[in-house]
Amino acid sequence: MYIELLPREKVSPQQNVLFMAAALIAGLLAVSVVFALNGVNPAVAIFYIFKGSFGSWYGIKETITKGMPLILIGSGLALAYKAKFWNIGAESQLLAGAIFATWTGLNWGPHLPAVVMVPLMFLSAFIGGALWGMVPAVLKIRFGINEVISTLMLNYIAAEFVKFLVVGPWKGASKGGYPYTDDLPASSILPHLSHSRISLLLLFLAVASALILGWLVYKSRFGYEIRVIGENVHAARYSGINFFRTSLLLMAVSGGMAGLAGAGELMSIHHYLSYPDSLSAGYGFTAIIVAWLARLHPSYTIIAGLFFAGIIVGGDAIQVSMGMPIAAVRVFNSIILIFLIMEDFLISHRVRVRRKNHA
Amino acid sequence: MARIQSLEMRGISKSFLEVKANRDINLSIHAGEILGLLGENGAGKTTLMNILYGLYLPDEGDILVNGEPIRLRGPKDSMRAGIGMIHQHFMLVDKHTVLENIALGFDEAPFFFPHRAIRKKIEQLSDQYGLRINPDKPVWNLSAGEQQRVEIIKALSRNADLLIMDEPTSVLTPQEADELFEILRKMILQGHSVILISHKLEEIMSICDRVMVLRKGCLSGEASIEDVDKGKLAEMMIGRQIAAAYDKADVKPGGTVLDIQDLHVDSDRGLPAVRGLSVQIHSSEILGIAGVSGNGQQELVETITGLRQPLKGSVTMMGQPLKHVNARDAHTLGITHVPEERIKFGIVPNLPLYENSVLKQHRDAPYSSWLRMDYPVIKNHAGDLVNSFQVDTPSVNARMKNLSGGNIQKLILGREISSGPNLLIAAHPTYGLDVGAAEYVRKQIIALRDKGGSVLLVSEDLDELFMVCDRIAVMFEGEFMGELTPDTWTIEKIGLMMAGSHG
Ligand SMILES: Nc1ncnc2c1ncn2[C@@H]1O[C@H](COP(=O)(O)OP(=O)(O)O)[C@@H](O)[C@H]1O
Ligand SMILES: [Mg+2]
């Protein structure tokens, strides 16, 4: 007996929904087994998870808060992955954006009004992320260095550099020795909706850029060239597509989007630059999964980002409400994720079990 | 003593769908003999040898070893019978050392300390046959010639008596080829036999004892090497009759469109591939390039289409020099290209047909502005191409990979010539197509010429060249051996030029 995998030609929207639902249910069943083995009533736990993420106003607001950076980064990653440029460095592009934004905020914030400062902060963050993102593009095209390795390594460099800044030259005088920069001036801070941590402007920015990136990939000349490169490099060469320029540009956009997320976290949540892991909570890595869940369509990251944020928030919720350890929460997240990834594979392949025969 | 004293293939036929790759072929070989298997690309040489190696089952026919019929259901059976094959593309694990590669599939190794036994075996074989190799080098570190030696040792370590080599010299430098032939001579002295696939007449003449020639799946000739010369072999390879030309409009060639002067180009391996070639193509003219493949045709085409950097010389299109090495530059000068490997280069299989219909033109008006692709216009254009070039597809939204080979080629051809009379570079445009599609493609090429366009047609199918060309140049080792026109071309002349003598 052997198992045969055949690529599925066409997937209907109904099939898509059906598979997704089936994967979630299967994932929850598997999670239930784990919970039950640990003496927790799975029904209760799952109830609290959903209540914590989508089933309460507080949960929804938190989900949106965590969804925004995932959407921003995920849509940029989807664009890069369309060209098969495996950018694993969004975490550091986020940090680069935050560094640039912090500099702009601290230096210009005191002198300029918010209407100027907010766009200026986002712009500098985009530039920071873009520049950091273009480094691996240059390394890849000019020197043939694998982008997975270079983007991954650049994560460490950026993280250590942020640490250096906050304990060294940028250490805030007002922070009493803590490794933080001074607070950004009021003109560089994003106001929240009342009783939440949501900035409407940031939400708008996230949704709008995901839609724009979706348009870029599927309707623009740049997107056409990205897809040709991703699907067939030989045809890209044959058709005279400029690899260097296109790769540089796509990594500028991809990195720039992560940079925007960095500015968003800084301006909306933290208000000062501190240690890298308190600034980002691994959004740059989580967004990789978001991009895949969105099937590499930048616009679909709006849904995938919110969904994944919900899983994170729901996990946090049972930690508090049921006193479960953080490890249990991670198990929950990871099991759901594994099932969603399997679904992604199964929806693009048909599996047939056959009896062995001689070819 | 060798286990294979004689081997015979009788009445072998093999079809792939509608393609008859082998038709009723008989082959025999004896111990101590080198048999050359000659034929153009697609003649069926590899298929025949894959059958002998057990990779394909023949539709009809028998294989006999020492007079006894045997069944070969897989390479394991063949190896057991003493048959080894070295494919065109080496099948080695790059990251492993030579020794580790040979260890794979070396069944005689003892369970304990297998390395020692294998190392001894390698040393013994390399002494016996002059196969110099360092067993501890990783394979990626080896030259093509060395990798080939590893393949030979691998086959010999599995006790191959009959060694099949599929175009072994196509990846070698001339020096490496000479070394290979030395090794093969040593092998036959010790009772092995060798089947050498090649389409280089020179090689066949210099090393083989006997030669068999395949043409379009059939055995078209067989001879002892003393009884033939290169001209005769070329004739066997390409057939006897000149195919009748298609109808063409009675237009005379006009002004010079493409002017190539003293062009020198290196191959990927850094060997001279095009050597000081000069040629002009005029409007309303189809220039054919004949020649056995691997004589620089590919490098020439890649240079004209902006995919390869020439060493020296100039390519001028309508008075404008081709300056940069990129396909866009060639496209801007009005050079269009139907590439040799059409699926690899000519299309993006996963994108819909309409997006493929503007590949390379996608930067031109009216298909896009600097930012936006104009998909309604592109879909219209795709629809027009589908209609006027008879592309059989459910819709312009179908993914390109779902089209058949012939329809893919029609779309590529349509895309490349729809932008108006200019210079079309067509490399093997009908290779692998069914008869109907091939005829359609040829007629479109002629139609382009009749409208004032010019065409450079590279083909190994001489019939095709006779049918459509106004002029044929024969390429050999990177140079033109001469040019022929319909009133001067004969099979004999072309055959001699293909074998390397000047016309
Ligand atoms: N696996 C296959 N499937 C379909 N067609 C094939 C296959 N292998 C070979 N052919 C076809 O059979 C013919 C002979 O091919 P091949 O034996 O590779 O020729 P050669 O080695 O002489 O160049 C060609 O037309 C080729 O396209
Ligand atoms: Mg072959």
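In what follows, every chain begins at residue 1, and chains take the letters A, B, ... in the order their sequences are listed. Given the structure is predicted, the values throughout are model-derived calculations rather than measurements.
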Residue [X] versus chain A: region with a heavy atom under 4.5 Å:
{"X": "B:Arg415", "answer": "side chain"}
{"X": "B:His331", "answer": "neither"}
{"X": "B:Leu359", "answer": "both"}
{"X": "B:Ser369", "answer": "backbone"}
{"X": "B:Phe345", "answer": "both"}

Close approach to chain B in residues 121-134 of chain A, criterion heavy atom under 4.5 Å: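 Contacts with chain B: none.
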
Test item: B:Leu371 and A:Trp215 side chains (from C-beta on) under 4.5 Å apart, heavy atoms: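 In short, these two side chains touch, coming nearer than 4.5 Å.
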
Most contacts with chain A, counted as non-hydrogen pairs under 4.5 angstrom, among B:Leu307, B:Val358, B:Thr305: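 Most pairs with chain A among the choices: B:Leu307.
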
Contact winner vs chain A - B:Asn350, B:Ile343, B:Asp329, heavy-atom pairs under 4.5 Å: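 The option with the most such pairs is B:Asn350.
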
Side chain to side chain contact (heavy atoms under 4.5 Å, CB included) between B:Leu351 and A:Val228, intermediate numbers included: CA-CA 8 Å; B:Leu351 293 187; A:Val228 171; 4.1 Å; yes

Atom OH of A:Tyr156 with >12 non-hydrogen neighbours under 6.0 angstrom: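 12 or below, so no.
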
More than 12 heavy atoms of other groups within 6.0 Å of A:Tyr300 OH: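 Atom OH in A:Tyr300 is not packed in, count stays at 12 or less.
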
How far apart are the closest heavy atoms of [X] and [Y], and which atoms are they?
{"X": "A:Arg221", "Y": "B:His362", "value": "CD-O, 3.9 Å"}
{"X": "A:Tyr218", "Y": "B:Tyr375", "value": "O-CE1, 3.3 Å"}
{"X": "A:Asn232", "Y": "B:Ile347", "value": "ND2-O, 2.8 Å"}
{"X": "A:Arg237", "Y": "B:Ala327", "value": "O-CB, 3.6 Å"}

Side-chain (A:Tyr238) to main-chain (B:Lys344) donor-acceptor, under 3.5 angstrom: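 Checking the backbone N and O of B:Lys344 against the side chain of A:Tyr238, no donor-acceptor pair under 3.5 Å is found.
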
Main-chain N/O of A:Ile241 paired to B:Arg328 side chain as donor or acceptor, under 3.5 Å: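 No.
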
Distance-only polar pair, side chains of B:Glu341 and A:His234, donor-acceptor under 3.5 Å: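 Distance-only check fails for B:Glu341 and A:His234.
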
Pair A:Ser220, B:Arg372: side-chain N/O donor-acceptor within cut-off below 3.5 Å: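 There is no such pair between these side chains.
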
Rounded distance [0.5 Å steps], OG in B:Ser368 versus CD in A:Glu225: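 So the OG of B:Ser368 and the CD of A:Glu225 are separated by 8.5 Å.
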
